[in-house]
Each structure stands twice: as C-alpha cells, then as structure tokens.
Amino acid sequence: QVQLVESGGGLVQAGGSLRLSCLQSGRAFTTYQMAWFRQAPGKEREFIASINWSGASTYYADSAKGRFTIARDNAKNTAYLQMNTLKPDDTAVYYCAATGVAESTSIRNDYDYWGRGTQVTVSS
C-alpha cells in the first residue's frame, strides 16, 4: 500500500514562498507519476502540476506556470512543490497524489493514492 505524507504548509504573507514536500512509502517511488492538487473552501479540487517517474517531464496548470515548480528526488522518495510569489487566492489545502499512469495527466480520477493534505494560508 502506498502512503503519501505532505509537509511544509503554513502561513505566509503575499509575495512570499513556500516549499511543500511529499514523502512516499510502501512501493517503489519510481513506479509513479506524482502530482500536486489543491482545494480551497467551497471549491473543487484542482490540478496544479505533475512530474513523471524520472523527473524529465513536467506538466502545469495555467495558474501555476511561472510561479510554481514541481520536482522529485527519487533517492529520497520525495516530491516537492516550490511556490513563489504567493497570492491570497493560493490559500487552500494542498494534496500530493500518485498514479501509475505514464502519460502526464491532470485528471483527478487518474490518481490512485492521495495524502491527507497540508494547509497553505496566504495573508494579504
């Protein structure tokens, strides 16, 4: 069974930065495409970015391009989301997800495993 644990969330002022981490355990990390989603109060969970098993291919939602960067360290079984120039609209619970699908995907239902999320709050 795959387990995902997010960390790194918190309270930050607008314009600031945070780096989220997602530690995976249970099965070979390189089996999975990893992704980050977020869900704000009263809104649907939305895709932010994904990264393939090797880290060579990344895919971003338009809202994340230029400010967010997804990465992974296969030696540490960890995926990351670097978030810069944060805005109050970025306030949400951020979730890490994993899928065995090889092609880049932003579809929530393609992801088999989910973490419990980490809260990010951006103050104005």
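We number each residue from 1, following the sequence as shown.
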ask   = Does any pair with a residue in residues 41-80 pass disulfide (SG to SG under 2.5 Å), and if so which ones, sequence neighbours excluded?
value =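 Not a single pair qualifies under disulfide (SG to SG under 2.5 Å).
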Can you tell me how far apart [atom1] ([X]) and [atom2] ([Y]) are? Round to the nearest 0.5 Å.
X	Y	atom1	atom2	value
Asp112	Tyr32	CG	OH	7.5 Å
Phe68	Leu20	CZ	CG	8.5 Å
Leu81	Ile51	CG	CD1	10.5 Å
Met34	Gln24	CE	CD	6.0 Å
Gln82	Ile70	CD	CD1	12.5 Å

request  = Could you tell me which non-hydrogen atom of Ala79 sits nearest to which non-hydrogen atom of Trp36, and how far apart they are?
outcome  =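 Nearest pair, atom of Ala79 first, then Trp36: O-CZ2, 3.9 Å.
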request  = Name all residues meeting the side-chain contact (heavy atoms from CB on, under 4.5 Å) criterion together with Val122; count only those two or more places apart in sequence or in a different chain, and write none if there are none.
outcome  =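 Here the qualifying residues are Val12, Ala14, Leu86, Pro88, Asp90, Thr91, Val120.
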task = Apply side-chain contact (heavy atoms from CB on, under 4.5 Å) to Gln3 and list each qualifying residue two or more places apart in sequence or on a separate chain.
result =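 Partners of Gln3 under the side-chain contact (heavy atoms from CB on, under 4.5 Å) test: Ser25.
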For the side chain of [X] and the backbone of [Y], is there at least one donor-acceptor N/O pair under 3.5 Å apart?
X	Y	answer
Asn52	Ala56	yes
Arg72	Phe29	yes
Arg27	Val2	no

pair [X]-[Y]: side-chain heavy atoms closer than 4.5 Å:
X	Y	value
Tyr80	Cys22	no
Ile48	Tyr60	no
Trp53	Thr31	no

message = For residues 4-21, which residue pairs pass the side chain to side chain donor-acceptor pair (under 3.5 Å) check, not counting sequence neighbours?
response =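 Qualifying pairs, neighbours excluded: Ser17-Asn84.
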message = Give me each pair satisfying side chain to side chain donor-acceptor pair (under 3.5 Å) with a member in residues 113-124, each pair once, sequence neighbours excluded.
response =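 For residues 113-124: Gln119-Thr121.
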query = Hey, any chance Leu18 and Tyr94 share a hydrophobic cluster, counting ILVMFWY side chains that come within less than 4.5 Å of each other, even indirectly?
reply =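 Yes; Tyr94 is reachable from Leu18 via cluster members.
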inquiry  = According to salt bridge (charged side-chain N to carboxylate O under 4.0 Å, His left out), does anything in residues 39-63 pair up with another residue at least two apart or in another chain? List the pairs.
reply    =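 Counting only pairs at least two positions apart or across chains, the salt bridge (charged side-chain N to carboxylate O under 4.0 Å, His left out) contacts touching residues 39-63 are Arg38-Glu46, Asp62-Lys65.
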task = Measure from the ring center of Phe37 to the ring center of Tyr95 and say whether it is less than 6.0 Å.
result =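 Phe37 vs Tyr95: aromatic centres not under 6.0 Å.
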query = Has Glu103 got more than 12 heavy atoms of other residues, nucleotides or ligands less than 6.0 Å from its CD?
reply =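 For Glu103, atom CD is not crowded (no more than 12 foreign heavy atoms under 6.0 Å).
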task = Evaluate side chain to side chain contact (heavy atoms under 4.5 Å, CB included) for Ser104 paired with Ser57, printing each intermediate quantity in order.
result = CA-CA 8 Å; Ser104 295; Ser57 177; 3.8 Å; yes
inquiry  = For the residue pair Thr105 / Asp110, report whether a side-chain donor-acceptor contact shorter than 3.5 Å exists.
reply    =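 A donor-acceptor contact under 3.5 Å links the two side chains.
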